[in-house]
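Heads up: the structure comes next, in structure tokens.
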Amino acid sequence: MSTLKKTLWNKIEKHRPRTMRLLKEYSDVKLGEVTIGQAIGGARGVRCLVTDTSYLDPMEGIRFRGKTIPETFEQLPKVPGSDYPYVEGFWYFILTGDIPTLEQAQEVAADFKTRAKVPEYVFETLRALPGDTHPMTMFSIAITAMQRESVFVEAYHKGLNKMDYWDHTYEDCSNLLAKLPTVAAFIYRHKFRDGKTIAPNPELDFGGNFAHMMGIEPPYDDVARMYFILHSDHESGNVSAHAVHLVGSALSDCFYALAAGINGLAGPLHGLANEEVLRWTQNFTEGLGGKEPTEEVIKEALWETLNGGQVIPGYGHAVLRKTDPRYMAQREFCLKHLPDYPLFKVISRIYEVAPGVLQEHGKAKNPWPNVDAQSGVIQWYYGVTEYDFYTVLFGVGRAIGTLANLVWDRALGYPIERPKSLTTEMLEQAAGIR
């Protein structure tokens, strides 16, 4: 058994009594009340999920296992010669809550290499799809196609103790996650580079190998490592994470569950936001007519946008009340690697000016930028100019957190999710208007 799996098993054994005690002794403790607005408004803010891998702090941003994004990047072991950590080391961390040593991160990287080979039938399936198939559709199909590889399903049908569900789910999730960079890079090269795919390099880590298969030189390998970690987890209430949890609660294997999450991520209110922000920023830049993006020029253009009844996309967040730390992590990369890139200069100036404009405008609850305000420009700079692919990149990262959560769902024996619904008439009666 690997060091990661042994560590995870020890963590599970210690955690199970905590969950059981809460269920047996404190099940009736109220966490809050549900309002009609929450029932109709998408259950926003209803406290009814348990997620230990991450927490979205309104003032600190996402915390991975209690650590802020700067702490996470600082403490995780770095790939030799890189400024950024092993994605495999982050997988160790998000599963266990422990910062791995360099040797432990490299052990996971070596383990992933034994799991990374994608069956040929997956590529054949993708090649058979119509040429105009969306990359997210291709990604979802590829994940679902690999469901036949599930070791959990095979063990379940033979008879499996509930306490051992996590073990086979861990194997499935590790197998699937290790394959995703190859699948994603294949989709990109097949669809946007005339089918000229690049074979994986078994000597490289998760992020480095992805950049290699994309055909993009360093430091795009650091972009991949940074991007996948930043987008890995965001509590369990967002659509993609909740979809994985919900489908997994039926004991559907991780292939079905992750495909559901990817399908949710494809929605324009979720994973497509970074694409929309980049389009807006490019149009905004074009509208400047070649003017230097000074504070005065940008401020005037932003007011024209708002006075025209439009919003400034990429600004505002449902929970955060400060600049998204994921935005800042990517901004720091840009300041180091592409400070003079014209599109980044516009984005940078918008960052400096927009919060003040939005505060003066008075309608934005949160005038600070979120992750989507920055991420697209980096991809564009390194030649990934196909908007449709951006959400696949998001999906590879989001798989890390959602699959880690699925392992823990099985380890703690969480039941099938089944909230109770009410009719509109019942709500009217509760409100005293019927």
Side-chain angles (χ1 to χ4, degrees), residues 1-20 51-54 64-66 75-77 79 85-119 146-182 200 202-207 209 228-229 232-233 244 248 251-255 257-258 399-414:
M1 188 183 288
S2 69
T3 303
L4 169 55
K5 199 169 182 181
K6 287 178 183 176
T7 304
L8 179 59
W9 170 234
N10 290 333
K11 298 280 182 178
I12 289 170
E13 283 208 300
K14 290 179 181 178
H15 197 114
R16 278 175 172 167
R18 296 170 61 192
T19 301
M20 293 308 299
T51 307
D52 291 306
T53 53
S54 67
F64 300 124
R65 289 289 185 175
Q75 295 179 29
L76 284 173
V79 176
Y86 281 92
V87 175
E88 297 92 333
F90 182 78
W91 174 242
Y92 187 110
F93 168 58
I94 203 76
L95 275 171
T96 67
D98 293 345
I99 294 290
T101 64
L102 176 60
E103 291 73 20
Q104 289 169 335
Q106 291 175 335
E107 180 184 330
V108 180
D111 178 55
F112 269 29
K113 289 168 185 176
T114 68
R115 303 171 184 267
K117 185 174 177 57
V118 177
M146 288 189 286
Q147 188 274 336
R148 68 189 296 275
E149 309 292 327
S150 173
V151 295
F152 172 80
V153 169
E154 182 179 358
Y156 183 84
H157 287 315
K158 289 180 179 178
L160 186 61
N161 189 302
K162 290 178 65 174
M163 303 299 281
D164 295 329
Y165 285 176
W166 77 270
D167 188 328
H168 298 81
T169 300
Y170 167 88
E171 294 298 329
D172 269 358
C173 291
S174 297
N175 287 337
L176 176 53
L177 183 59
K179 292 174 172 59
L180 292 185
T182 302
E203 300 301 315
L204 298 175
D205 65 286
F206 191 100
N209 196 28
F228 294 151
I229 291 173
S232 62
D233 209 29
V244 175
L251 289 189
S252 297
D253 58 67
C254 73
F255 301 89
L258 182 60
I400 302 169
T402 56
L403 292 178
N405 266 305
L406 188 60
V407 173
W408 274 98
D409 287 349
R410 298 284 167 82
L412 301 178
Y414 288 159

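- Partners of Asp98 under the side-chain hydrogen bond (donor to acceptor under 3.5 Å, both in side chains) rule, at least two apart in sequence or in another chain, are Lys11.
- When the side-chain contact (heavy atoms from CB on, under 4.5 Å) test is applied to Gln75, the partners found at least two apart in sequence or on another chain are Lys67, Glu71, Ile99.
- Counting all heavy atoms, side chain and backbone alike, Gly207 lies closest to Val87 at N-CG2, 4.5 Å.
- A search for salt bridge (Lys or Arg N to Asp or Glu O under 4.0 Å) contacts involving Asp172 returns nothing, not counting sequence neighbours.
- Every side-chain contact (heavy atoms from CB on, under 4.5 Å) that Ser252 has, sequence neighbours left out, goes to Val247, Ala250, Tyr256.
- The two residues Ala105 and Tyr86 make their nearest non-hydrogen contact at CB-CD1, 4.1 Å.
- With sequence neighbours excluded, no residue satisfies side-chain hydrogen bond (donor to acceptor under 3.5 Å, both in side chains) with Thr182.
- Counting heavy atoms from C-beta on, the side chains of Val153 and Gln147 come closer than 4.5 Å.
- Between Met146 and Val118, the closest heavy-atom pair is SD-CG1, 4.5 Å.
- Rounded to the nearest 0.5 Å, atoms CG (Leu4) and OG1 (Thr7) are 6.5 Å apart.
- Proximity of Ile400 to Asp233: side-chain heavy atoms (C-beta onward) are nowhere separated by under 4.5 Å.
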Result block: side-chain N/O donor-acceptor pairs under 3.5 angstrom for residues 13-20, not counting sequence neighbours:
from  : atom 1 : to     : atom 2 : distance (Å)
Arg16 : NE     : Ala411 : O      : 2.7
Arg16 : NH2    : Met163 : O      : 2.8
Arg16 : NH2    : Ala411 : O      : 3.2

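- For Tyr92, the ring pair (Phe, Tyr, Trp, His ring centres under 6.0 Å) test picks out no residue, with sequence neighbours left out.
- Under the rule for a side-chain hydrogen bond (donor to acceptor under 3.5 Å, both in side chains), the partners of Lys5 that lie at least two apart in sequence or sit in another chain are Asp167, Glu171.
- Counting only heavy atoms from C-beta outward, the side chains of Trp166 and Leu8 approach each other to under 4.5 Å.
- From Ser174, atom OG reaches atom CG of Leu403 across 8.5 Å, with rounding to the nearest 0.5 Å.
- Taking the side chain as every heavy atom from C-beta outward, Gln104 and Pro77 never approach each other to under 4.5 Å.
- Between Pro85 and Ile229, some side-chain heavy-atom pair lies under the 4.5 Å cut-off.
- With sequence neighbours excluded, no residue forms a side-chain hydrogen bond (donor to acceptor under 3.5 Å, both in side chains) with Asn209.
- Taking CD of Glu203 as the start and NZ of Lys113 as the end, the distance is 6.0 Å to the nearest 0.5 Å.
- In this structure, the ring of Phe206 has its center less than 6.0 angstrom from the ring center of Phe228.
- Contact annotation: the side chain of Asp52 never approaches that of Trp408 to less than 4.5 Å [non-hydrogen atoms, C-beta and beyond].
- A salt bridge (Lys or Arg N to Asp or Glu O under 4.0 Å) check over residues 154-163, counting only residues at least two apart or in different chains, returns the pairs Glu154-Lys158.
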Leu258/Leu176 under side-chain contact (heavy atoms from CB on, under 4.5 Å): CA gap, chis, key distance, verdict: CA-CA 9 Å; Leu258 182 60; Leu176 176 53; 3.6 Å; yes
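- With sequence neighbours excluded, the residues that form a side-chain contact (heavy atoms from CB on, under 4.5 Å) with Glu107 are Ser2, Thr3.
- In this structure the side chain of Asn175 never reaches within 4.5 angstrom of the side chain of Glu149, judged on heavy atoms.
- Pairing each heavy atom of Tyr165 with each of Tyr156, the nearest pair is OH-CE1, 3.4 Å.
- Here the CG-CG distance, from Leu102 to Leu76, works out to 11.5 Å after rounding to the nearest 0.5 Å.
- For the pair Leu95 and Tyr170, the tightest heavy-atom approach, listed with the atom from each and the gap, is CD1-CE1, 3.9 Å.
- The two atoms that bring Ala257 and Gly248 nearest to each other are CB-N, 4.0 Å, heavy atoms only.
- Every side-chain contact (heavy atoms from CB on, under 4.5 Å) that Thr169 has, sequence neighbours left out, goes to Phe152, Cys173, Leu406, Val407, Arg410.
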